[in-house]
Structure formats: C-alpha cells, structure tokens
Participant: 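Can you read through this structure? Questions will come right after.
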Number of protein chains: 2
Amino acid sequence: MTEITSDLYRVKDKLYAAADCIIFGFESGRIKLLLFRRRVEPLKGEWSLIGSFVRLEEDVSEAAKRVLKEITGLENVYMEQLKAYGKADRDPGFRCLSIAQYALIRINEYDEELVEKHGAHWFDIDEVPDLVLDHNQMVADALECLKQKARYQPIGFELLPEKFTIPQLQQLYEAIYQRELDSRNFRKKLLSLKVLIKLDEKDKSGSKRGAFLYKFDHENYQKLLKSGYNFEIA
Amino acid sequence: MTEITSDLYRVKDKLYAAADCIIFGFESGRIKLLLFRRRVEPLKGEWSLIGSFVRLEEDVSEAAKRVLKEITGLENVYMEQLKAYGKADRDPGFRCLSIAQYALIRINEYDEELVEKHGAHWFDIDEVPDLVLDHNQMVADALECLKQKARYQPIGFELLPEKFTIPQLQQLYEAIYQRELDSRNFRKKLLSLKVLIKLDEKDKSGSKRGAFLYKFDHENYQKLLKSGYNFEIA
DNA sequence: TATAATAAATGTAATAAATACGTTCATTCA
DNA sequence: TGAATGAACGTATTTATTACATTTATTATA
C-alpha cells in the first residue's frame with residue numbers, strides 16, 4: 001500500500017485496495033528495480049514500491065498504469081498482474097489489500113527528470129533495500145514470476161532497446177536465470193525461433209568488431225504463437 | 001462477487017472484495033467444475049462460482065477456505081490464487097473486486113449432502129452454463145492456468161484419490177491437455193520421475209486384469225524439488 | 001473347463017533436441 | 001602492421017522424445 005497523492009482520508013472500517021508496481025529495467029548486464037521513498041505516514045521516508053490507492057471508479061490495471069506514467073512518463077508499457085496480497089494485517093494502518101503488478105521497461109526510454117522529481121531511484125536487483133510492508137516479498141515473487149515467464153514467452157525483449165545485439169540478449173537471459181549460457185548454443189537457439197530480424201547496423205559499444213543489431217519480429221511471433229509454437233528459451 | 005450469507009448491507013461509496021472459488025474435480029475421465037445458484041440480488045438464482053465477500057478482519061485466502069469448507073465440507077485442500085479481477089464495472093451493483101482462487105479437490109471425498117444442501121452442482125468442464133458477472137472468464141483463465149501448471153508441477157495428483165492407477169493418471173492428463181497421450185511413453189515418463197510408489201493392490205474397476213495402484217511420493221518429490229529437478233510431464 | 005474378450009504392461013529403434021567445445025573473423029588502437 | 005578484443009560460426013556427443021506391436025492377467029461365457 002503506497003500513496004502518491006496523499007489527499008485521501010482513510011478510515012478503519014473500510015477496505016482499501018492499492019495497486020503496487022514492481023518496475024523492472026535492465027542495464028549493463030544487471031536487472032534493476034525502480035523504488036521510491038514513501039510519501040505518507042506511517043513509514044514515511046522508507047523505500048517502497050511505487051503504488052497508489054485504487055480509486056472507486058478506476059480499474060485496478062488503470063491505477064497501476066496511472067502511477068507508472070506519473071513516475072516514469074511512460075505509457076504502453078508491458079505490464080502484468082503478479083497477484084493480490086490480501087493478508088488482513090499486511091498494513092498496520094487499515095485494511096488494505098494490494099494488487100501487485102510488474103512492469104518491464106526499456107531503461108533507456110524513461111523520463112529521468114520525472115523520476116528524479118519523485119525521489120525515485122533505480123536499484124540493482126540484488127541490492128534492494130528493506131522495503132515497507134510486504135513489498136520485499138512482492139519483489140521476490142515478481143522476480144520468480146519473471147524467471148518462469150521468460151522461459152516460455154519472449155518477454156525479455158521488453159527490457160531491451162528496440163534494437164539490440166545477440167550478446168546483449170544473452171546477458172539479459174543470464175541475468176534473469178542467474179547462470180551462464182553458452183554463446184554458441186544461445187545464438188543457435190534464438191535464431192532458430194525465427195523471431196529476430198537482423199539489421200544492417202552494428203553496435204560497437206561492446207567490442208571493436210561490433211555486433212549486429214537485431215529487432216524482435218512481433219508479426220512473425222504472433223503468427224508462430226497461433227500455430228502452437230513452443231518458445232522455450234534456454 | 002457472490003455472497004453466501006447475505007446479511008450485509010452494501011453501499012455505493014465503498015470498495016468490496018470478494019473471494020471466488022473455481023473448484024475443479026475429476027471423474028470418469030472428465031474435468032468437473034462445482035457451481036451453485038447465486039443467493040443474492042442482483043442475478044439471484046443464476047449459476048455462479050462459489051464465493052463470499054472478504055470480511056474486514058479476514059485474509060483473502062481464508063475467505064476462500066471458509067466458503068470452500070462451507071460448501072464441500074473439505075479442509076486442507078489444494079488452493080492457489082488465480083488472479084484479482086479489478087474492472088471498475090465488473091459488478092453492476094457496487095464496486096467490488098474479486099480475488100479468484102482455484103481449488104483442486106478429490107471428487108470422492110467431498111460431502112455430498114452439504115453440497116446438495118447449498119444447491120451446488122458438478123458440471124462437466126465443457127458444459128459450463130452462462131455464469132454471473134465475469135465468472136466464465138475466471139473459469140477460462142483458471143483452466144488455462146491449470147493446463148500450464150500441470151506441465152511443470154505434479155498437481156494432477158490433487159485431483160485423484162490417494163491411490164490411483166497409471167491409466168487413471170493418464171486419463172487425467174489427457175483431459176487437462178485435451179489430447180491423447182501414448183500409454184507406453186506416458187508410463188515410462190511418469191515412472192522415470194521417481195515420485196510414484198507402487199502398491200501391492202490392484203484396482204479392478206477398469207479392466208478384468210486390473211491395474212496396480214500407486215500413490216504419490218510427497219517426500220521424494222520435495223527432495224527432488226530442492227535438488228532443482230525438472231518435473232515436466234508430457 | 002476351455003475360449004473369447006478386455007484393458008494392463010512392457011521394449012526398442014528412429015528422430016529430434018540439448019549440450020559441450022575451439023577456431024577464425026572484423027575491427028580498433030598502439 | 002600487429003596485438004588485442006569480443007563476435008560469429010560448426011560439429012560431434014549425449015540425452016530426451018517420439019512412434020509403434022505384442023504379450024499378459026483376469027473375468028465372463030460358451
């Protein structure tokens with residue numbers, strides 16, 4: 001439970017719902033998490049997921065999108081519900097259940113100014129500080145979910161720039177699975193899925209030779225999905 | 001949103017949470033769903049999932065367990081959260097979000113009298129009638145979830161009696177995946193997982209020769225899980 | 001009491017997928 | 001021009017999946 005606009009009066013005999021966002025990014029080989037300092041009592045000033053109360057007239061998923069846009073400036077972001085957290089005592093203030101949702105964002109695209117203005121900060125996934133309430137649990141669950149999901153759905157691409165190299169993609173999967181992958185087998189496997197479009201450009205930031213850039217072939221992915229294709233990766 | 005004890009007065013400017021249960025069973029080769037007739041207006045008398053409002057002092061998961069016990073008499077049942085349904089307009093009466101949870105029960109163990117008393121009824125999964133609100137969507141989502149989950153976790157056993165035969169198990173997986181499996185390969189695969197204990201008894205209901213009964217080896221399953229074993233089935 | 005009927009149980013060969021592993025290539029910088 | 005760096009690539013081995021046909025234990029009945 002986290003409130004960004006603290007203009008609401010809370011009472012004890014009502015039930016509230018919060019939308020909390022686990023915002024993942026990926027940069028220099030590491031998975032990142034966007035956190036911010038809680039604005040409201042209790043626990044004001046503590047690190048927290050980004051969230052908001054769900055308004056009475058608003059869809060739960062909209063609440064999450066609203067707060068995501070508020071903080072990062074981003075719209076049309078990949079977002080999935082993780083699960084609802086409904087322990088009666090999870091928030092000491094009043095009864096509030098939280099629907100946690102995770103977002104995968106391209107870390108090169110977010111609005112840096114806006115993030116800073118909100119006191120938000122990117123943490124390396126294995127340097128996440130103590131968070132308010134059950135937010136650490138949410139992060140752990142979301143990470144597990146990401147791990148599972150990445151194996152069967154090509155969601156990794158949501159965390160990379162539109163154009164990426166195969167070594168970058170491999171780094172990402174290594175970060176997600178937390179183990180090293182063989183570069184020859186990885187390349188072979190990925191290319192065999194037929195969802196990468198090779199571009200004529202190279203990215204030379206990683207080596208002198210430079211690596212070819214690719215983009216994800218959404219169209220063919222959809223086609224293959226419908227034909228019952230298995231997208232197991234690594 | 002479904003209410004069993006209709007003794008609560010609902011207002012428009014509050015948010016409510018319901019716990020709705022998708023209760024799966026398995027009998028004579030078919031997946032079954034337990035439904036009942038809604039007790040409260042609006043839509044009184046319509047087929048509905050079994051559910052209840054979440055009480056202010058109660059965990060969401062407890063609410064689901066409470067109503068499950070109320071209807072089936074069963075406790076300690078396999079139950080998992082599916083997801084929260086949070087569309088603002090999902091319930092025409094007032095703002096109510098639902099945390100859907102699915103349960104896998106051994107259809108031979110439930111309390112028949114109790115179920116009848118509550119006007120509940122087992123439906124074949126592909127003969128589910130029109131349900132109130134978004135309950136049909138919940139059923140579809142739960143079924144999809146079951147399908148996915150059954151491939152990587154041995155949850156199928158929760159739907160069978162403690163003692164079962166390999167042909168029964170195969171029938172179950174065939175019902176879940178909705179395709180036929182080769183009996184030789186299925187048996188080989190299952191036995192290779194080392195989580196079945198062969199008993200000396202036979203079940204003769206299915207054939208003259210009779211098929212050996214097995215039970216699930218929870219202990220070894222836990223051991224193998226910890227060692228990072230892959231439980232992919234079929 | 002022999003025979004027919006039924007589903008259970010079993011093995012092997014062929015194919016496909018995953019893994020392990022070393023060398024050459026393109027480019028930049030000194 | 002040559003030393004250094006990561007990118008790109010192929011093959012052999014192992015492992016897993018698939019396809020497929022016969023025998024067995026038992027009961028019911030002729």
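Numbers restart at 1 for each chain; the letters A, B, ... are given by sequence-line order, proteins then strands.
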Participant: Indicate the ring-plane relationship of Tyr102(A) and Tyr78(A), choosing parallel, tilted or perpendicular according to the 30° and 60° boundaries.
Facilitator: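 It falls in the tilted class, 30° to 60°.
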Participant: Assess whether atom CG of Asn230(A) is packed by more than 12 heavy atoms of other residues, nucleotides or ligands within 6.0 Å.
Facilitator: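 Enclosed.
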Participant: Hey, what bend do you get for the helix from dT1(C)-dA30(D) to dA30(C)-dT1(D) if you fit axes on five pairs at each end, rounded to 10°?
Facilitator: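 The two end axes of the helix from dT1(C)-dA30(D) to dA30(C)-dT1(D) meet at 0°.
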Participant: What integer distance in Å separates Phe212(B):CZ from dA9(C):C1'?
Facilitator: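 Computing the Phe212(B):CZ to dA9(C):C1' distance gives 10 Å.
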Participant: Name all residues meeting the side-chain contact (heavy atoms from CB on, under 4.5 Å) criterion together with Lys223(B); count only those two or more places apart in sequence or in a different chain, and write none if there are none.
Facilitator: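 By the side-chain contact (heavy atoms from CB on, under 4.5 Å) rule, Lys223(B) matches Asn220(B).
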Participant: Nearest 0.5 angstrom please: Glu27(A) CD to Asn108(A) CG, how far?
Facilitator: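 Rounded to the nearest 0.5 Å, the CD-CG separation comes out at 8.5 Å.
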Participant: Please identify each residue that fulfils ring pair (Phe, Tyr, Trp, His ring centres under 6.0 Å) with Phe157(A), with sequence neighbours left out.
Facilitator: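 Expected list: Phe164(A), Phe216(A).
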Participant: So, are Glu46(B) and Arg38(B) salt-bridged, with charged N and O less than 4.0 Å apart?
Facilitator: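 Between Arg38(B) and Glu46(B) there is no salt bridge, as every charged N stays at least 4.0 Å from the carboxylate O atoms.
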Participant: Residues from residues 169-198 of chain B sitting under 4.0 Å of DNA chain C, heavy atoms only?
Facilitator: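 Result for residues 169-198 of chain B: Arg184(B), Arg187(B), Lys188(B), sorted by number.
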Participant: A quick test of your reading: do over 12 heavy atoms of other residues, nucleotides or ligands sit less than 6.0 Å from NZ of Lys147(A)?
Facilitator: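 Counting neighbours around NZ of Lys147(A), more than 12 heavy atoms of other residues, nucleotides or ligands fall under 6.0 Å, so yes.
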Participant: Filter on salt bridge (Lys or Arg N to Asp or Glu O under 4.0 Å), then keep only pairs touching residues 197-217 of chain B, sequence neighbours left out; what's left?
Facilitator: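 Non-adjacent pairs meeting salt bridge (Lys or Arg N to Asp or Glu O under 4.0 Å): Lys163(B)-Glu201(B).
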Participant: Within the sub-3.5 Å range, which N or O atoms of nucleotides 28-30 of chain C have a protein N or O partner, and how far apart are they?
Facilitator:
unit_1  : atom_1 : unit_2    : atom_2 : d
dT28(C) : OP1    : Lys204(A) : NZ     : 3.4

Participant: With sequence neighbours left out, write down each residue that passes side-chain contact (heavy atoms from CB on, under 4.5 Å) with Leu191(A), or none if nothing qualifies.
Facilitator: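 Applying side-chain contact (heavy atoms from CB on, under 4.5 Å) to Leu191(A) gives Ile166(A), Arg187(A), Leu196(A), Tyr214(A).
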Participant: Run the ring pair (Phe, Tyr, Trp, His ring centres under 6.0 Å) test against Phe212(B) and tell me which residues pass, sequence neighbours left out.
Facilitator: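 With sequence neighbours excluded, Phe212(B) shows a ring pair (Phe, Tyr, Trp, His ring centres under 6.0 Å) to no residue whatsoever.
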Participant: Under the side-chain hydrogen bond (donor to acceptor under 3.5 Å, both in side chains) test, which residues partner Lys188(A), sequence neighbours left out?
Facilitator: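 Applying side-chain hydrogen bond (donor to acceptor under 3.5 Å, both in side chains) to Lys188(A) gives Asn185(A).
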Participant: Strictly by salt bridge (Lys or Arg N to Asp or Glu O under 4.0 Å), give each pair with a member in residues 97-124 of chain A just once, sequence neighbours left out.
Facilitator: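 Pairs touching residues 97-124 of chain A that pass the test: Arg30(A)-Asp124(A), Lys32(A)-Asp124(A), Arg106(A)-Glu109(A), Arg106(A)-Glu158(A), Arg106(A)-Glu162(A).
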Participant: Going by heavy atoms closer than 4.0 Å, what residues in residues 146-156 of chain B are next to DNA chain C?
Facilitator: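 Heavy-atom contacts with DNA chain C come from no residue of residues 146-156 of chain B; none.
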Participant: Return the orientation label for the Phe123(B) and His121(B) ring planes: parallel under 30°, perpendicular over 60°, tilted otherwise.
Facilitator: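 Rings of Phe123(B) and His121(B): perpendicular, as their planes differ by over 60°.
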Participant: Could you give the start and end, 5' to 3', of the contact zone on DNA chain D for chain B, using atoms under 4.0 Å from its heavy atoms?
Facilitator: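 Contacts span dT17(D) to dT27(D), reading 5' to 3'.
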